[in-house]
Structures are given as C-alpha cells and as structure tokens.
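Numbers restart at 1 for each chain; the letters A, B, ... are given by sequence-line order, proteins then strands. Computed from a predicted structure; not experimentally measured.
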Protein chains: 2
Amino acid sequence: MDDNVPGNQSALKAARHMNLKELSQILGLSQTTVSRALNGYPEVAEATRQRVRKAAKTHNYRPNARAKGLATGRAMAVGHVIPVSSSHEMVNPVFADFIAGASEIYLRHGYDMVLSAVADNREEHAYREFAAKGSVDGIIVHGPRIADARIGLLSEVGLPFVVHGRASDETGDYNWVDVNNRRAFQRATEFLVDLGHRRIALINGLEVMDFAARRRDGYQQGLAARGLAADPLLIHSDEMTEAYGHDTARALLAGDTAPTAFLCSSIIAALGIRRAIEEAGLHMGRDVSVITHDDELSYLRNGSDVPTFTATRSSVRQAGRLCAERLIETIADPDQPPHHHLLEAELTVGLSTGPAPRPSAPPAAA
Amino acid sequence: MDDNVPGNQSALKAARHMNLKELSQILGLSQTTVSRALNGYPEVAEATRQRVRKAAKTHNYRPNARAKGLATGRAMAVGHVIPVSSSHEMVNPVFADFIAGASEIYLRHGYDMVLSAVADNREEHAYREFAAKGSVDGIIVHGPRIADARIGLLSEVGLPFVVHGRASDETGDYNWVDVNNRRAFQRATEFLVDLGHRRIALINGLEVMDFAARRRDGYQQGLAARGLAADPLLIHSDEMTEAYGHDTARALLAGDTAPTAFLCSSIIAALGIRRAIEEAGLHMGRDVSVITHDDELSYLRNGSDVPTFTATRSSVRQAGRLCAERLIETIADPDQPPHHHLLEAELTVGLSTGPAPRPSAPPAAA
DNA sequence: GATCATGTTCAAAGCGCTTTAAAAGTGATT
DNA sequence: AATCACTTTTAAAGCGCTTTGAACATGATC
C-alpha cells in the first residue's frame, strides 16, 4: 500500500508524478473512466466528470506524454529542422521570430515543438530521423533551395509537412506559405526607377535559396519593365550579414559607376549598407536610396512612426503562425489537397528613398 | 502474412515503419536479443550482433522514441522555454545562436530539443507542464531575472536544469553558466575613463534581468574605482533594439552635457548608437567612443579583421554548448553537486574607441 | 416478470520498447 | 554420463496511457 522503495537510487528526486492508476485508485474508479472523464468522452456521468476533474487538479495530474503518444499513435509534436550554414556557421536570424509565431499556435493546440539545428548538408538525415523515430506528427521545412530534395523525401515518407517558402524546381504539389518575393522586388525596383534611379544594386541572399532567386527575378523583371538592362556587376549574393552589406556597398560606392540605389534582401544587411553610405560622406535617402526587405523582426523594428527604411514588408512571425496552422490542419486530415498561401509584401515608404541625385540617362528604352 | 488492411483510411500514407517485432521475426530472433544487440549489451554473440545491425540498417529500423522513452523512463529530450517579452512581443535575438550551440551537443548525445516560446509571464506554467508531462529529462532556463521564481520551482520539482545566467536573489545552489558581466563592464568603464572620458552613458538592457543589473553594477564600480560619480541621467535601460540605441543616443548627444562615450549591452543597440552619432555629424571612435557587449552573433559579426566596435566579447553559442553539456551530465547523474561556469569576456579593442576629445575635468578624485 | 433501450462503469488488450529472470546450448571437467 | 561454468537466447512483465467489448444499473415498455 505504500510506494516506498528502499535503496532506490533516485530516492533523492522530488516527489514523482501521479499517474492514472494512482489517481483512479484515489477516486475509486477505473482507469478507463478517469481517462474518459478527462478527455471529454460523453459516456461519463457529469457528476463523475466533475469529481475527476477536481481530483486531477488538486493532485496536479497530467498524463504522461510518451505513454499517451504511444497509445494514440500521435506525438502531439511538430519538428522544425533549422539549417545552420555549414560554410558560415550561421543561423538565420529570422528563425527566432518565425518560431515565436509558430509557437503561439502550437501552444494553443497543445503541440510541442521539437527543434533540431543541423548543418545544412545534414538536413535530410534529420528528417529521416524524425520520421523513423516517430517523435513528431509533422514537419516545417525552412529555407527551401531552388531544387530541394527534402520535399520529395518528405512526400515519400508520408509525414505531413509545410514549407516556409517554395522550391521552384520541385514538381510535386505540397503545402507552402510564401511571400510573393518576385512581385515585391519587381515593385521595389520599378519604384526606384520611377524615382529616376538607373543604377540599382541588388544585395541579395545566397541564390541557391529559392527566395533569393525569386527576388533576383523580380528585380530583373522590374528593370526590364522599364526598359533597362541589368548590370551583372550590380548583382551580389551572399549570406545576409551586416558586414556583407557594408563591404559590398562600400566597394560599389567607391567604383567609378557607383549605384544611386540599393535593393537589399534583409534589414540586417541594409544596416551595413547604410553604414557604408554614411562612411562615404553621403546621405541615405538623398544621395543614395535604399529599399530593403523587412521581415519585421522584433528587435529590428524599422523605425518608430516613420520607417527608417523604405521596405517591402512581410511579417515572418505571421508566416510562422500560418505555417503552424496549416500543418496542424494537415495532421488532423492528411488526405486533403495541399494548400498554398501567397503573402503579398507591403511596399512602405520610409526615409531611405528619394529622387535620384542627377539624371544620368534618358528614361526611354536604349 | 500480409499487412494489407483494406478500407484503412490512412492507406494513402506511405509504408509505415518497421518495428522491433517485425525486425526480430525477419531475423528469427527474439525481441530481447535484437534490442540488446542494437543497444550494445555484452551478452550477445558478436556474429549475431553484426547480423542484427545489418538487418536494422537495410530495413531502416529505428526504435520508436515514445516507446523507448516509456520503457526507459527517459525522454531523451531537453526543454528550452524561451520567453517572449509580453510588453514588446520581442524574442531575444541571442536565442538563435545559443540554441545552435546547444543543438550541436544534443545531436552528439542523441537528445532532442523541445522548445516552447511563451509570454514571459507564463513561463512558470510552461515549466510545470514540462515537468508533469514528463516530455523532457531536463531544462535550460533562459534570461534569469534578479529574483527568479523559476529556479525555486525547478528545484522543488526535481527536474535537472541549468541556468544560462544567474539570479542574484536566489539563495539555493544550482547549475549555471554565465559571463562575468560585472567584471566585463567594470573593465570597459575603466578603459574608457583611462582614455579620458568622464561622461560615459550606459545603454543597458532591462534591469529586471540579472545580467543587466550586474552590468550596471560593473559600470558603477568602474566609475567609483576611478573616483567618478555616476550620473543617473546617463543610465538607461530597456529592451535592446536598434531603435532604442538610436533614440537614446540621439537624445543624449543633443543634450548640453552630452556623453563622450557609450557603454552598451548589445551590438544591435550599438548599431543604433552609431547611427545616432553619425547623424549628429560626429565620428565614432574620434568624437564619441563606444564599447558594446558582443555575443558574437553569427549574422552580426563585429567587423572582419579589425573589429568595428571595441567590445566585451563572449560567444553565446559557446555558452549554449556549455549549458547543454552541463545539463546532459546532470541528467546522467542527478546527485552530483551543482557546477558553476563563469566565462570571462574578452575586451577587444576595435575602431570605436579613442581618447576623449577634450579633457573636461582633472583625473584626480573630486 | 421478461425484454429492451439507455446510461454508466469496468477489465483487459495493446501501443513498441527495455529488462528481469529463467531456459537452453556448449564445452570442459570429473 | 553427470556436473559445472559459462555464453547465448528467450518468454514475459511492465512503462502509463487509450480503447474495445463486455458488464452492470436503471427505468421504461411490453
């Protein structure tokens, strides 16, 4: 009648947790009834249910997640594999906010988030692992490349998943939530051209990443739509650090045919661009214009009332929420057709753009 | 003999996973032997072990994590509760790098990381939840406050944990990994005073946070050690955003007794300070000096060869590794006494500091 | 009083693994 | 051929839950 286990090596551990068996004994009910009472099954008398609920609360009972998972076949957890750039040892700063958004939703639905940060060349393994171990019911795919083997792999494995972004080369259909990157960057480019800018530099992310390729595309189409040719020397792509923005902008501004405007893929790199502009004795928004994509990171708010940067804006936290919601729906009903959610970025005008300093070429086609 | 289940609603799901029973049947062995072979128990004949290993590999067998956890009583997972500031909806950007570091270690030891991002006023609940559900074997505590109820709670619950930072008011003993914030900021302050600066502003984090209080302490002790009094008007504290750094620095620089130097708690806010300095037509490192704490975030590297900022440097990713290692050791042997790991920040001189522009007061004590 | 429908509770099986205690096999020694 | 020591394998119990199918009340209906 007493669970005193002498010589138990974990005796020092504080009071172990109450389990269903104990709780049902206290109540003088079967485990079945207690379990059903707590899980809202209708065949339990209301009085009994109340009694059980109350006892569960006072004894701080919470069903063991593993046992529950084993019995139901559902882990009540979703996996995020966040890639750590193997070349730069860098983890994309947008993940923090994306995850904050997704987490809100998981919390609400009782899901856990299990996360594994792996070198970007080991990601596939991480997915297989998740799938085989059965530790998650679904997966969010981060940072899709143009051709991304993970998507095929996950479809094959049969684990529900949602991609944050898209993979252009992937032929199959799948759930995704993405920003209309092409459109956003085309609009931004046209906006700059309309202000009289002719030499517009693109400070882009790594172009194996699908989002970066789409942005480049938008940039080029924007130029083309205004009858301008893209200058390959103005197009740069790398991991979006502050230093990359700075160094690239500095080099470009020092050249003999310096750009009068920059279009940038991340507010972090944009901070570097601004630094280079000011170091060159120039004034952002007057001498040189800058438009950046703004993921609305919580710690890098773009100005208070008037945005510092003119930006194509789309909240990555919101994207996290949407991905999570979609994934939970898919887990609940795996057989429904894939959904696609294309978010339009707002083009918000801030202080970093203005008319090109001196018209350099006639606006008409070459 | 065939597992074709007609009418099964999840028939579309790809091939379900092999389990121990199936694998042992294929091998003509008992589950016991197969389990032991794979888990490295000595009482299995070497030939058998090889045979089992090979079969496991070819059939892509991986033990079900939940079942294993249930049987062993260990979740092979650790929990991170990351606080989302309820006032600013902000998630601290250092988490991404911390987690990348911790994840390395978890991966190596076969642990999963389960993460829950909750409003900072709901954290206790999240811990209780983790503990009661038994979904993790241990917990990392992020962002300790000066008086932090979570630590007492976790000790009580008996779940192994490691704190990233410390809580000054907490009397009990517990595992922690922290930077010597007081020392770092004292040294930085003295460094600035020795360069002739007399009016040094402190741009600090929220002072309910333990790290911020310690830094303030170091700052004040540094001034005191050089016989200077702290001016309360120069001490600011808030959530460390770029805008906060900028706005505060701008206001201070516009005042009649502007500081000649800034000591800042985060490189993100320091970027804002630099912006304010340059907007005021001043030159950082000549007219105004800046020292910042640098967590060595991967996407905000402090310069390439010569650091942009003079900084007190300590890698938060490394802290993540250390916390994870400590936690895993504690899980393995919960009865060992708590360890403390105090990291010293390096004071690295960059381009943002220089002698005070014009000596304003005699260096001797007042 | 037998039958039925309905509401409520329960015993037992099963999820996939580990682990205990026992059994079976293998030589060597007597 | 019996005994012993040792190595290798196994059956079965158990981890904490859900869920199936059966049992037990209760009152209404014939």
Side-chain angles (χ1 to χ4, degrees), chain A residues 3 5 7-10 16-52 55-56 59-77 110 131-135 137, chain B residues 3 5 8 10 16-52 55-56 59-77 110 131-135 137:
Chain A
D3 53 358
V5 184
N8 181 350
Q9 78 276 23
S10 66
R16 228 199 62 276
H17 223 76
M18 162 128 330
N19 61 22
L20 184 59
K21 192 170 172 186
E22 289 161 15
L23 184 64
S24 59
Q25 278 166 356
I26 288 174
L27 282 161
L29 288 169
S30 73
Q31 298 190 36
T32 312
T33 303
V34 176
S35 169
R36 287 195 158 142
L38 293 173
N39 288 319
Y41 280 65
E43 58 271 75
V44 177
E46 199 47 38
T48 313
R49 190 191 303 282
Q50 294 307 336
R51 204 160 67 87
V52 171
H59 292 88
N60 191 29
Y61 169 76
R62 210 111 10 144
N64 178 292
R66 291 189 299 277
K68 186 164 189 162
L70 188 56
T72 58
R74 318 190 72 212
M76 290 308 283
K133 289 196 308 182
S135 43
D137 299 322
Chain B
D3 52 0
V5 184
N8 181 350
S10 67
R16 230 200 63 276
H17 223 76
M18 163 126 328
N19 61 22
L20 184 59
K21 191 171 173 186
E22 290 162 16
L23 184 64
S24 59
Q25 277 165 358
I26 290 174
L27 283 160
L29 287 168
S30 71
Q31 298 189 38
T32 311
T33 303
V34 175
S35 170
R36 285 189 159 146
L38 292 173
N39 289 318
Y41 281 64
E43 56 269 76
V44 177
E46 200 46 38
T48 312
R49 189 190 305 281
Q50 295 306 337
R51 203 160 67 86
V52 172
H59 292 87
N60 191 29
Y61 168 76
R62 210 111 10 141
N64 178 292
R66 290 190 299 275
K68 187 163 188 164
L70 189 55
T72 57
R74 317 188 77 212
M76 291 309 283
K133 289 197 308 183
S135 44
D137 298 322

Rounded to whole Å, how long is the line connecting atom [atom1] of [X] with atom [atom2] of [N]?
| X | N | atom1 | atom2 | value |
| --- | --- | --- | --- | --- |
| R66(A) | dT18(D) | CZ | P | 14 Å |
| L20(B) | dG14(C) | CG | C1' | 15 Å |
| R62(A) | dG16(D) | CZ | P | 17 Å |
| L27(A) | dT9(C) | CG | C1' | 13 Å |
| K21(A) | dC17(D) | NZ | C1' | 12 Å |
| M76(B) | dC17(C) | CE | P | 16 Å |
| L29(A) | dG7(C) | CG | P | 20 Å |
| N64(B) | dC15(C) | CG | C1' | 8 Å |

* **Of the listed nucleotides dT9(D), dT18(C), dC17(D), the one nearest the side chain of K68(A)** =>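 Per side-chain heavy atoms of K68(A), the pick is dC17(D).
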
- Query: When you measure from the side chain of R74(B) to the backbone N and O of D137(B), does any donor-acceptor pair fall under 3.5 Å?
  - Reply: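 No: the side chain of R74(B) does not pair with the backbone of D137(B).
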
| Are the side chain of R62(B) and the backbone of A132(A) linked by a donor-acceptor contact shorter than 3.5 Å? |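 No; zero donor-acceptor contacts below 3.5 Å.
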
Under 3.5 Å, which donor-acceptor pairs link side chains of residues 31-45 of chain B to any protein atom two or more places apart or in another chain?
from: T33(B); atom 1: OG1; to: S30(B); atom 2: OG; distance (Å): 3.1
from: N39(B); atom 1: ND2; to: S35(B); atom 2: O; distance (Å): 3.2

Shortest non-hydrogen separation from [X] to [Y] and the atoms involved:
| X | Y | result |
| --- | --- | --- |
| A67(B) | L70(A) | CB-CD1, 3.8 Å |
| S135(A) | A77(A) | O-CB, 3.7 Å |
| A75(A) | R66(B) | CB-NH1, 3.3 Å |
| K68(A) | P63(A) | NZ-CG, 4.1 Å |
| Y61(A) | L20(A) | CE1-N, 3.5 Å |

- Query: Within a strict 4.5 Å, meaning less than it, do heavy atoms of the N64(B) and N19(B) side chains meet?
  - Reply: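 They are not in contact (no side-chain heavy atoms under 4.5 Å apart), so the answer is no.
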
5′-ward residue of the pair L70(A)/T48(B) relative to DNA chain D
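On the 5' side of the pair lies T48(B).
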
To the nearest 10°, let me know how far the axis at one end of the helix from dG1(C)-dC30(D) to dT30(C)-dA1(D) is tilted from the axis at the other, five pairs an end.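 Answer for the end axes of this duplex: 80°.
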
Atom pairs under 3.5 Å: protein N/O with N/O of nucleotides 19-22 of chain D:
from: dT19(D); atom 1: OP2; to: Y41(A); atom 2: OH; distance (Å): 2.4
from: dT19(D); atom 1: O4; to: T32(A); atom 2: OG1; distance (Å): 3.1

